[in-house]
Amino acid sequence: MPQTYKNIVVLTGAGISAESGLATFRAANGLWNNHPVEEVATIEAFQRNPEYVHDFYNEMKPELYGAKPNPAHLALSKLQKEYPGKVSIITQNVDTLHEKAGSNGVLHIHGQINQAVCLNCGQVMESWGEVNTETVCPHCQVAGMMKPNIVFFGESLLCMNEVDRLLQSCDLFVSVGTSGVVFPAAAFVQIAKQYGAETYEFNLETTSNNFYFDHHIMGKAGETLPKFVEVLLAK
Ligand SMILES: [Zn+2]
């Protein structure tokens, strides 16, 4: 770990939210919070039965609304506030734990549970309340066109222009709680490495022999990340 970094990029995934008790919201074994992916997380499912898909995400909101950030989220927020260089956070998580920890400008590439996007005008609205097939868009006033702002399977990731720009300009890339061998993390570290960044992986156990990572730090992010942040801030 050399000099002061100018542009730090942190990518977070399901593992960091799991340490706040949110272990279920992930696509493992084709299940999405214990529902088959094709029932609740594809655009075809939404077109076929929008009421059902809206209900699924509405029912998930209270748990995510009540979840609290853990020491890993807080450490990243502290790094953003106190580090002399720029610190950007990209997350695959649809919860708002980074925001609750005080982080700003978090790029949610898989969307956010507390947002809906209007299929008529493209604008995003925020709500922790119920959004359904009768909800009126606050921007264009058209009813029945709101879709949960969750990236369904087969849809493009959000904010990717900004993400590409960040990956190409960062000099430190840190992946937290996400498998280093699965898209998009695998692609992100590869880009960052090709553009010259030093790269760290924080995970419960080693997920990869991905040679794009220079360092593999194993253990709970709530324990390993605060120490890492203290080292960065001490430089
Ligand atoms: Zn609209």
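Note that the coordinates shown come from a computational prediction; the quantities given were computed from them, not determined experimentally. Whatever order the structure lists them in is the order used to number ligands and atoms, beginning at 1.
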Exercise for the section: Return the set of residues passing salt bridge (charged side-chain N to carboxylate O under 4.0 Å, His left out) with Arg48 (not counting sequence neighbours), or none when no residue passes. Expected result: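 Arg48: no salt bridge (charged side-chain N to carboxylate O under 4.0 Å, His left out) contacts found.
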Problem - Within-4.5 Å side-chain heavy-atom neighbours: Ile109 and Gln92 - result: yes
Handout entry: cation_pi(Lys86, Tyr5) dist<6.0 Å, angle<=45
Key = no
Problem - Residue Lys220 excluded, over 12 heavy atoms near NZ under 6.0 Å - result: no
Handout entry: salt_bridge(Arg165, Glu162) N-O dist < 4.0 Å
Key =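 Salt bridge between Arg165 and Glu162, a charged N being under 4.0 Å from a carboxylate O: yes.
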Handout entry: Main-chain N/O of Glu198 paired with Asp214 side-chain donor or acceptor, under 3.5 Å
Key = no
Exercise for the section: Could you pull out the N/O/S protein atoms under 2.8 Å of the Zn ion (ligand 1), ignoring any water? Expected result: Cys118 SG, Cys121 SG, Cys137 SG, Cys140 SG
